[in-house]
Amino acid sequence: MAEKLQALKKQACASIDETKDKLHQLADAIWRHPELAFEERQAHDTLVRFFTQEKGWTVDAHYKLETAFRATWGPVGGGQGESLVNVGFLCEYDALPAIGHACGHNLIAETGAAAALGLRAALESGEAWPMPIKVTVLGTPAEEDEGGKIDLLREGAFEDLDVVFMAHPSQEDATYIPDVAEHDVVIKYHGRASHASAYPWEGVNALDAAVMAYTNVSVLRQQLKPDWRIHGIIRHGGVKPNIIPDYSELEYYLRTPSYRDLPSIKAKVEACFQAAALATGCTVELLFARNQFYEIVRNHTLEDLYEKNGKSLGMNFITVKNSSGSTDFGNVTHAVPGIHPYFYIGSEALNHTPEYTAASGAAEAQFYTLRTAKALAMTALDVLFSPGALDKVKQEFKEAKSREEKETKQKPQTATIEKS
Ligand SMILES: NCCCC(=O)N[C@@H](CCCN)C(=O)O
């Protein structure tokens with residue numbers, strides 16, 4: 001089997017190379033029209049067209065969400081009574097406001113599509129596979145906001161998948177980066193307008209509340225654990241200096257390494273926001289996002305296979321220990337075994353900067369993007385055909401879940417503000 005597996009991997013890589021121009025066009029089209037969360041209509045249509053034109057894929061163009069899609073191929077192979085293995089690849093394609101594809105989601109879409117085509121090409125060689133195999137591509141909108149994968153999870157979109165792969169652009173190749181749990185909140189202060197010079201005592205200043213809230217959180221930060229993160233912006237702060245602002249708005253992202261600590265961080269910042277309202281006489285509305293992002297549940301079996309395949313293609317892996325951002329793929333790994341490795345794209349630029357936007361649209365990123373897609377397809381082939389690999393992946397997932405359940409019982413998700 002080892003030799004056959006090597007041949008299949010070669011076939012997957014060759015097919016990705018053969019399709020490289022089309023794949024580049026796909027990423028380029030998405031990069032040229034950056035669209036925000038749940039507004040990714042052109043990116044969505046581009047991907048749907050891509051899989052429709054590829055032939056052999058069954059495409060569900062608006063799968064459970066308007067800008068989500070599903071493309072499936074197979075099943076192929078298997079004898080009677082063998083249970084089907086469904087391998088999933090994810091495509092993200094939303095962008096950031098003002099700076100476009102500064103997180104390289106156009107390249108995530110490309111890796112997902114390329115890896116799926118590569119795996120299909122290898123499986124198409126007509127062998128008598130021991131079990132029925134299906135390849136599924138899910139187009140998952142709104143990673144930068146809202147968390148489209150969490151909506152899709154709720155709708156059951158991941159229920160029939162056995163393993164899920166995606167990869168994210170970064171500054172380095174890493175099988176895992178500690179993506180943390182996150183909950184977002186919008187804070188609205190309502191005051192009362194007045195002439196700021198003629199009769200200021202009649203006003204209630206909502207901008208003052210926003211500034212106090214911002215300062216309260218900044219002071220709180222010293223008492224937070226080192227790997228907790230709170231960061232926010234003031235979105236509205238008034239319209240003219242001589243009108244006391246009757247409305248202000250902030251948005252904050254709250255993050256902790258485990259989702260179990262989100263209620264604690266939320267309780268702490270809520271106190272900051274309420275205190276600002278009390279001090280200024282404003283009323284306050286706290287609007288927490290409907291979805292909480294969870295941290296990634298690691299699967300070392302998948303990570304090790306990916307690393308081995310990546311190394312064979314020339315990747316240099318580094319280990320990242322410090323907390324990173326967050327991803328709605330974290331929630332997926334609580335439901336299905338999966339990996340979310342990071343990949344170098346030929347630039348030292350940092351994500352969420354205009355320089356990264358340029359790097360994710362540059363031709364230089366293509367080599368690294370396709371190399372990543374090859375490593376994903378090869379890892380999927382290992383999962384399918386390395387003796388015992390799928391069982392090991394599933395067993396590790398099961399053990400992680402039961403550890404998780406035990407920890408949740410010991411430390412339920414409750415809010416605490418320690419008082420002396
Ligand atoms: N490691 C970073 C993963 C991608 C990313 O930047 N995600 C966003 C998600 C924001 C959702 N509100 C982030 O800021 O971490």
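FYI, side chains are in, hydrogens and waters are out, and symmetry mates aren't considered; it's all heavy atoms of this structure. Atoms within a ligand are numbered from 1 in the order they appear, just like the ligands themselves.
The N/O atoms of Ser326, backbone and side chain alike, include one that comes under 3.5 Å of an N/O atom in ligand 1. Ligand 1 has an N or O atom lying under 3.5 Å from an N or O atom of Arg255, backbone or side chain.
Near Phe293, meaning under 4.0 Å from any of its heavy atoms, are these atoms of ligand 1: 11 (C). Residue-ligand proximity, Tyr342 to ligand 1, at heavy-atom distances under 4.0 Å covers atoms 1 (N), 2 (C), 3 (C). Each of the atoms 12 (N) of ligand 1 lies under 4.0 Å from some heavy atom of Tyr253. Per-residue contacts place Asp184 under 4.0 angstrom from the following atoms of ligand 1 (heavy atoms of the residue considered): 12 (N). For ligand 1, the atoms closer than 4.0 angstrom to any heavy atom of Ser324 are 1 (N).
With values rounded to the nearest 0.5 angstrom, Ile177 atom CD1 is found 9.0 Å from His168 atom NE2.
Put simply, no part of Ile177 is less than 4.0 Å from ligand 1, judged by heavy atoms. Residue Thr327 places every heavy atom at 4.0 Å or more from ligand 1. Ligand 1 does not have Glu146 within reach: every non-hydrogen atom of the residue lies 4.0 Å or more from it.
Ring to ring, Tyr252 and Phe273 are close: their centroids are under 6.0 angstrom apart. Taking the six-membered ring for Trp and the full ring otherwise, Tyr294 and Tyr259 have centroids separated by under 6.0 Å. Ring centroids of Tyr93 and His105 are separated by 6.0 Å or more, keeping the two rings apart.
With a 4.0 Å heavy-atom cut-off, ligand 1 is reached by the side chain of His352 but not by its N, CA, C or O. Contacts of Asn351 with ligand 1, taken as heavy-atom pairs under 4.0 Å, are absent altogether. When heavy-atom distances to ligand 1 are checked against a 4.0 Å cut-off, His168 comes that close only through its side chain, counted from C-beta outward.
Among Arg229, Glu182, His231, His340, the residue whose heavy atom sits closest to atom 11 (C) of ligand 1 is Glu182.
Using bins of under 30°, 30° to 60° and over 60° for the plane-to-plane angle, the ring pair Phe288/His183 lands in the tilted bin.
In the displayed structure, Lys20 atom NZ is contacted under 6.0 Å by at most 12 heavy atoms of other residues, nucleotides or ligands. Heavy-atom neighbours of Lys134 NZ from other residues, nucleotides or ligands within 6.0 Å: above the threshold of 12. Residue Arg221 places its CZ atom among more than 12 non-hydrogen atoms of other residues, nucleotides or ligands, all under 6.0 Å distant. Residue Lys401 qualifies as enclosed at atom NZ: its count of foreign heavy atoms under 6.0 Å is above 12.
The protein atom (non-hydrogen) at minimum distance from atom 8 (C) of ligand 1 is Glu144 OE1, 3.4 Å.
At a threshold of 4.5 Å between non-hydrogen side-chain atoms, the residues Leu123 and Leu384 count as touching.
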